[in-house]
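Residues take their numbers from the sequence shown, with the count starting at 1.
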Amino acid sequence: HNHTCGGSSLMISKSYASHLFPITSNLQHIAVKVNIPELHPLPITICSVYIPPSHNTNSQDLSTLFQSLHPPYIICGDFNAHSPTWGVPSNTTFRTNSRGNIIDQILTNDSNLHLLNTPGTPTHLNSTSGSLSAIDLTFSSLQIAPSLSWATHPDLCDSDHYPIILSSDHTKHCETILPPRWIVEKADWSQFYLLTSDTSSLPNPGLTQQSITALTNFILKSAKLSIPLTSGRHKPRQVPWWSKEILSAIKTRRKMLRTYQASKSQDDFIKYKLARAKARVLVRSAKKRSWNSYVAGINEPVSPSTMWR
């Protein structure tokens with residue numbers, strides 16, 4: 001969307017077949033149909049929405065969006081809507097707004113639309129006042145709602161919105177399994193030499209196919225006893241700019257957030273913001289130093305794939 005701020009996006013795993021689902025709406029959104037057979041036999045429409053606080057949203061805008069989606073569907077996004085139905089009672093400045101009233105009315109009239117948020121659970125921390133609110137909403141059609149569990153991440157992850165985790169026991173865990181490879185730098189070559197020195201158990205070389213098979217198995221058996229293999233499980237690469245100092249700063253930021261969440265004290269909120277600022281400065285500085293160091297070390301043409309690896 002051509003907007004000066006905001007916008008919506010979706011990232012879908014390549015493990016699932018998906019395609020864009022066009023919707024005509026005045027609201028910032030993107031919708032995709034995704035095949036998740038473990039959750040539902042029909043493709044599930046997933047729609048991400050962003051509505052800025054200043055947007056003059058009317059009932060028609062929201063009704064059109066919801067009605068454009070064919071069940072089964074999941075709708076999630078920052079609606080900037082306030083209502084006692086999902087709001088945070090501990091927020092002393094809480095007020096229902098017109099957008100919250102509109103969504104409440106739609107929920108009342110549409111028996112197939114289900115709100116997944118846990119009432120009273122905040123999804124946003126105001127970085128100025130420290131007030132907590134629930135403005136990020138997640139809806140689904142009724143037929144898949146019982147299979148979905150809604151929760152927020154315990155850490156803000158350097159944002160002012162808590163990441164929302166929508167999970168289901170019916171979906172498979174997508175883990176990339178790669179073919180194991182030999183870790184030759186950790187090989188015990190002395191043992192490998194010892195194991196392969198005695199070839200008396202091998203058949204007559206004249207029997208071609210039998211000899212090849214026996215020799216291959218003989219070498220592989222010796223290798224497995226002398227050279228370790230990778231597990232085949234994909235491990236995310238550690239970023240080159242990571243350090244113990246950054247890890248410590250992030251742990252402190254998380255600790256200060258938990259302290260503020262428990263106390264709601266302005267002093268603790270200030271301590272949290274200071275810890276967050278320190279972690280941000282460390283991460284940004286480390287990224288810049290790492291990139292400058294990498295670029296300075298390039299002495300010959302490098303392909304884009306190698307540069308961004």
**Report entry** Backbone N/O of A187 and side chain of W182: donor-acceptor pair under 3.5 Å
**Finding:** no

Distance only, no hydrogens: is a donor on one side chain within 3.5 Å (strictly under) of an acceptor on the other, for N80 and D78? yes

| field | Common cluster, I36/L166, ILVMFWY with side-chain heavy-atom separation under 4.5 Å | value | yes

Correct closest heavy-atom pair for L132 and K264 would be CD1-CE, 3.7 Å

Minimal heavy-atom distance between L125 and Y260, with the atoms involved, is CD1-CE2, 3.8 Å

Scanning both residues in full, the closest heavy-atom pair of L156 with P163 reads O-CD, 4.1 Å

Handout entry: Cluster link L137 to I165, ILVMFWY, side chain under 4.5 Å
Key = no

**Message:** I'd like to check S63 versus I106 (side-chain heavy atoms, cut-off strictly below 4.5 Å). Are they in contact?
**Reply:** yes

Query raised in the report: Does the side chain of D198 pick up a donor-acceptor pair with the side chain of S200 at under 3.5 Å?
Result: yes

Value for CE (M256) from CG (D268), rounded to nearest 0.5 Å, stands at 7.5 Å

**Item:** Any side-chain donor near an acceptor of the partner, H55 and T57, under 3.5 Å
**Value:** yes

- S226 side chain vs A223 backbone, donor-acceptor pair below 3.5 Å: no

The reported gap from CG in N35 to NE2 in H19 (rounded to nearest 0.5 angstrom) is 8.0 Å

Applying salt bridge (Lys or Arg N to Asp or Glu O under 4.0 Å) to R99 and not counting sequence neighbours gives none

When you measure from the side chain of T96 to the backbone of S83, do you find a donor-acceptor pair of N or O atoms at a distance under 3.5 Å? no

Check for me, please, whether I51 and L115 land in the same ILVMFWY cluster - side-chain distances under 4.5 Å, paths through other members count. yes

Scanning both residues in full, the closest heavy-atom pair of I144 with L39 reads CG2-O, 4.4 Å

In terms of heavy-atom contacts, V34 and S18 come closest through CG2-CB, 4.0 Å

By side chain to side chain donor-acceptor pair (under 3.5 Å), W150 pairs with (sequence neighbours left out) T138

- prompt: Does the separation of the ring centres of F21 and Y73 fall below 6.0 angstrom?
  reply: no

Margin query: Can a donor-acceptor pair be found, under 3.5 Å and without considering hydrogens, that links the side chain of Q266 to the backbone of S129?
Written below: yes

TODO: Give me the ring orientation class for F79 and F139: parallel if the planes are under 30° apart, tilted from 30 to 60°, perpendicular past 60°.
DONE: perpendicular

Counting N and O atoms only, with roles assigned by atom type, does the side chain of D61 sit under 3.5 Å from a partner on the main chain of N58, one being a donor and the other an acceptor? yes

Using modelled atom types and a 3.5 Å cut-off, is there a donor and acceptor pairing between side-chain atoms of S285 and backbone atoms of V281?
yes

So, the side chain of T213 versus the backbone of Q209: is there a donor-acceptor pair under 3.5 Å, distance only? yes

Exercise for review: Answer yes or no: is there a donor N or O on one side and an acceptor on the other, between the side chain of S141 and the main chain of N112, under 3.5 Å?
Suggested key: no

Notebook entry, point to check: Sub-3.5 Å donor-acceptor pair from the side chain of T152 to the main-chain atoms of T123, do we have one?
Noted result: no

inquiry  = We want to know whether Q60 and T64 form a side-chain donor-acceptor pair, criterion being a heavy-atom distance below 3.5 angstrom.
reply    = yes

Pair S15-S13, side-chain donor/acceptor within less than 3.5 Å:
yes

Worksheet item: Does a donor on one side chain and an acceptor on the other come within less than 3.5 Å for S243 and E245?
Response: no

